[in-house]
Amino acid sequence: MNEDYDFPRQSVINDLYDYYSFVYNPSKNRTIKKHPKNRELTVTIQHHVMNAGRKPEINAYSIYKESEDCILITEDLMNSLENVLANTGFNQNRRDWMFYVEFFLCAFHELGHLLLGHCEISKKMSLSAIEVNLDNLGIDTSLYQALEMDADFFAVRRLGEKVASMMKF
């Protein structure tokens, strides 16, 4: 992990927890309503996630548990984002902002899967496009693509809100 990116990482993680606590309202969300009110969000950046024991994953995941919403982002994905920016020639402030935006979109995409109820559509659905044969899961590819786009739009809307909240008029 590049220590230069500790601040943007922690800032995005704080944004996730802040947003989750702001919008998590079981009385207004049908998906959340049927579950205990004491659900919590856990965000983990994990060093190694192995893909069926074969190779390290470069990915992020939404994991829905009975009393917990989990977002798992691999350290390899974070390092990939950092490495691309390290070779841009941009100054540190611009690299920090670009990393923040990349990580924000990734993390809020995963939060979107959780808050929009995507993780409950199929108990067998792992939402990992790289390694999963969607035909074996019993879901249509177009549904999978729609869920991914829905999570993308969720993340972009949150980024727009964040940028708007930072503007000074």
Side-chain angles (χ1 to χ4, degrees), residues 1-2 5-25 28-32 35 39-51 56-65 68-85 88 95-134 137 139-166:
M1 174 171 68
N2 185 336
Y5 292 101
D6 284 350
F7 172 73
R9 284 182 183 205
Q10 192 57 52
S11 183
V12 169
I13 290 169
N14 292 344
D15 288 345
L16 281 170
Y17 284 113
D18 289 346
Y19 186 81
Y20 188 86
S21 65
F22 177 72
V23 300
Y24 192 87
N25 185 340
K28 293 183 180 178
N29 185 318
R30 284 178 279 139
T31 303
I32 294 170
H35 300 288
R39 292 187 62 74
E40 293 185 17
L41 176 66
T42 303
V43 180
T44 306
I45 298 178
Q46 190 167 333
H47 186 61
H48 286 291
V49 174
M50 299 306 282
N51 178 358
E57 280 283 335
I58 300 175
N59 212 337
Y61 301 94
S62 310
I63 303 165
Y64 182 87
K65 296 180 181 178
E68 183 179 27
D69 289 322
C70 305
I71 295 173
L72 172 69
I73 300 171
T74 66
E75 185 69 35
D76 288 333
L77 177 60
M78 295 289 90
N79 290 338
S80 293
L81 297 175
E82 292 170 0
N83 290 337
V84 168
L85 290 172
T88 61
R95 286 196 314 265
D96 283 352
W97 173 247
M98 292 176 75
F99 179 81
Y100 174 88
V101 169
E102 291 173 338
F103 184 24
F104 187 101
L105 289 170
C106 174
F108 273 82
H109 170 97
E110 298 306 325
L111 185 63
H113 282 309
L114 292 163
L115 291 180
L116 297 170
H118 299 169
C119 296
E120 290 198 84
I121 288 175
S122 171
K123 296 299 180 192
K124 297 188 296 183
M125 188 173 172
S126 72
L127 293 177
S128 176
I130 295 172
E131 295 295 325
V132 174
N133 179 350
L134 297 176
L137 295 175
I139 68 165
D140 186 73
T141 302
S142 61
L143 171 61
Y144 174 83
Q145 291 170 339
L147 294 175
E148 288 300 310
M149 192 175 297
D150 195 29
D152 287 343
F153 287 144
F154 177 88
V156 169
R157 285 189 301 268
R158 301 298 76 83
L159 181 61
E161 292 167 358
K162 180 70 174 180
V163 170
S165 74
M166 299 168 72

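For reference, positions follow the sequence shown, starting with 1.
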For [X] and [Y], work out which heavy atoms get closest and say how close.
| X | Y | result |
| --- | --- | --- |
| His113 | Leu147 | CE1-O, 3.7 Å |
| Leu16 | Leu41 | O-CD2, 3.9 Å |
| Phe103 | Pro8 | CD2-O, 4.3 Å |
| Phe154 | Gly112 | CD2-CA, 3.3 Å |

Do the non-hydrogen side-chain atoms of [X] and [Y] ever get within less than 4.5 Å of each other?
| X | Y | result |
| --- | --- | --- |
| Leu111 | Ile71 | yes |
| Met78 | Phe99 | yes |
| Tyr61 | Asn59 | yes |
| Leu77 | Cys106 | yes |
| Arg158 | Asp15 | no |
| Ile13 | Ile45 | yes |

Whether the [X] and [Y] side chains hold a donor-acceptor pair (N or O, under 3.5 Å, no angle test) is what I'd like checked.
| X | Y | result |
| --- | --- | --- |
| Glu148 | His118 | no |
| Tyr20 | Asp69 | yes |
| Glu68 | Thr42 | yes |

From [X] [atom1] over to [Y] [atom2], what is the distance, rounded to the nearest 0.5 angstrom?
| X | Y | atom1 | atom2 | value |
| --- | --- | --- | --- | --- |
| Glu110 | Ser62 | CD | OG | 3.5 Å |
| His109 | Ile73 | NE2 | CD1 | 10.5 Å |
| Leu85 | Ser80 | CG | OG | 11.0 Å |
| Glu40 | Cys70 | CD | SG | 10.0 Å |

Q.
Going by side chain to side chain contact (heavy atoms under 4.5 Å, CB included), name the residues that satisfy it together with Met166, two or more places apart in sequence or in a different chain.
A.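 Residues passing side chain to side chain contact (heavy atoms under 4.5 Å, CB included) with Met166: Trp97, Lys162.
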Q: Please name all residues satisfying side chain to side chain contact (heavy atoms under 4.5 Å, CB included) with Asn14, sequence neighbours left out, ordered by chain then number.
A: Gln10
Q) Can Gln46 and Thr74 be said to form a side-chain contact (heavy atoms from CB on, under 4.5 Å), step by step? A) CA-CA 5 Å; Gln46 190 167 333; Thr74 66; 5.8 Å; no
Q | Full working for side-chain contact (heavy atoms from CB on, under 4.5 Å) between Phe108 and Val156 | A | CA-CA 8 Å; Phe108 273 82; Val156 169; over 6 Å; no
Q | Pair Arg9 + Glu75: basic N to acidic O under 4.0 Å | A |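 Yes.
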Q) So Tyr100 and Phe104, would you call those rings parallel, tilted or perpendicular, with 30° and 60° as cut-offs? A)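 Rings of Tyr100 and Phe104: tilted, 30 to 60°.
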**Q.** Main-chain N/O of Ala146 paired to Asp150 side chain as donor or acceptor, under 3.5 Å
**A.** no
Q) Okay, side chain of Tyr17, backbone of Val12: is any donor-acceptor separation there less than 3.5 Å? A) no
Q: Run the numbers on Lys65 and Ile63 for side-chain contact (heavy atoms from CB on, under 4.5 Å), then give the verdict.
A: CA-CA 6 Å; Lys65 296 180 181 178; Ile63 303 165; 4.1 Å; yes
